[in-house]
**Student:** 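Just dropping this structure here.
As the structure lists them, so they are numbered: ligands from 1, and atoms in each ligand from 1. Along the sequence shown, the residues carry numbers beginning at 1. Predicted model only: the values in this text are computed from it and were never measured.
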Amino acid sequence: MTDGGLVDLREIQRRLIPEEAGAAMHALIRELYPICRSITGDGVRETLRRIARDIPLKIHEIPTGTRVLDWTIPKEWNIKGAYIKRSDGSKVVDFSDSNLHVLNYSAPVHETLTLEKLREHLSSMPEHPDWIPYRTSYFAERWGFCLSHKQLAAMREGLYEVRIDSSLSDGHLTYGEICVPGRSTDEVLLSCHVCHPSLCNDNLSGIALCAFLAQELSRCSLRYSYRFLFIPGTIGAITWLARNEKGVERIRHGLVVAGVGDAGAMTYKRSRRGDAEIDRAVARVLVDSGDPHELVDFSPHGYDERQYCSPGFNLPVGSLTRTPHGRYAEYHTSADGLDFVRPASLGDSFAKYLSVIGVLERNRALLNRNPKGEPQLGRRGLYRDVGGHVEARELESAMLWVLNLSDGGCSLLDIAERSRLRFEQIETAAGLLEGSGLLTEIASARGDAR
Ligand code: ZN
């Protein structure tokens, strides 16, 4: 099915091989992994430029000092290198080995000091002696290093030369945005953070999924328009909201995309509203998948759903992840590396995001044109397309549910929930009934003509 060269989303879903999609996403993650990102600076720019090679991303630059809601755009941070040297000139810690070694947003420093004094500026994880922790200090000007506990334990008393060749100066906050147009100006928001350095699940997995989703949706004939944001966490979402206070009225559904590459089961955190269509669509997809999953209520912790769901906006935005942030030991450490994110998990997350979008795209309300008594289905040849016995019974059941509940007040998602049948079955039944003239679509319920 095509519409001006565009493909039906169902076609994309049918052709998807999750392992292949996951492998391609993992390749992008590998490319972006070495870049030292932060909430501002060249690392974010380089990341966005790489994504812009595949999709026409618009890159915004907002100057330092700009007021955004209750916040101010901070100074831009950039870094060239950093080390800790022993008095014999050998290096204990070198930024070129891992960009996690420097406290992210660290002020510049170049001095020589005793181990005792230096310790105040060092972070390690005794419970995981080989891992480097990821630490930040965005809004208090400090300097510091992160290192493995083994490295720290090997440091002897004496003098150490420390150097962090970073700069904090007036510049910009950078974020990327792309809107994939659909028939309606109503939008679905998909937002990921781009502010973490070499961390894979927490950061790069979300970036890769959004980049691939934007690419796939660009090929589709769509009902909604899809707005993708690649933004630094917290301050980026606040900046976007400040600059788009009016535009948010168009957002009908939204998801914050993060942590989609680990081996754990999917977790959906509902929007603050709790019963928005996106909350119900994601729940339906996860239940229908038959895979283990968890549904949790909104809380003002986590990723940028905190900003989208702040009371002044209260947007219907949830967050679909695998293991939630902070609930795996590797979170915010060097162990969240290239081996921690798995192509199979990335591909599975991608397929589930496509399924959610499929439900949003195809959820609609229909009206039974023959509401007095059950219409005679056999006479209309409605069983002919059906193969196996079980399948036939399920589809018959789905048709009865759709006919009974299509009184003008129920959407296909409502019917799927009430009947406990898969959304796909309800949709198939509705299509057959519509084709036979027993149902007509209620135009206003689709919101296309807004
Ligand atoms: Zn994080």
**Student:** Donor-acceptor pair, distance only, cut-off 3.5 Å: does the side chain of Ser166 make one with the backbone of Ser106?
**Tutor:** yes
**Student:** For the Zn ion (ligand 1), which N, O or S atom of Asp202 is at the shortest distance?
**Tutor:** OD2
**Student:** Just checking: His332, one of its N/O/S atoms, less than 2.8 Å away from the Zn ion (ligand 1), yes or no?
**Tutor:** yes
**Student:** What do you reckon, are the aromatic ring centroids of His332 and His196 less than 6.0 Å apart?
**Tutor:** yes
**Student:** Do Glu76 and Asp170 touch side chain to side chain, with heavy atoms closer than 4.5 Å?
**Tutor:** no
**Student:** The Zn ion (ligand 1) to His196: any N/O/S contact under 2.8 Å?
**Tutor:** yes
**Student:** I would like to know whether Trp240 and Phe230 meet ring-ring contact (aromatic ring centres under 6.0 Å, His included); could you show each step before the answer?
**Tutor:** CA-CA 10 Å; Trp240 186 84; Phe230 297 81; over 10 Å; no
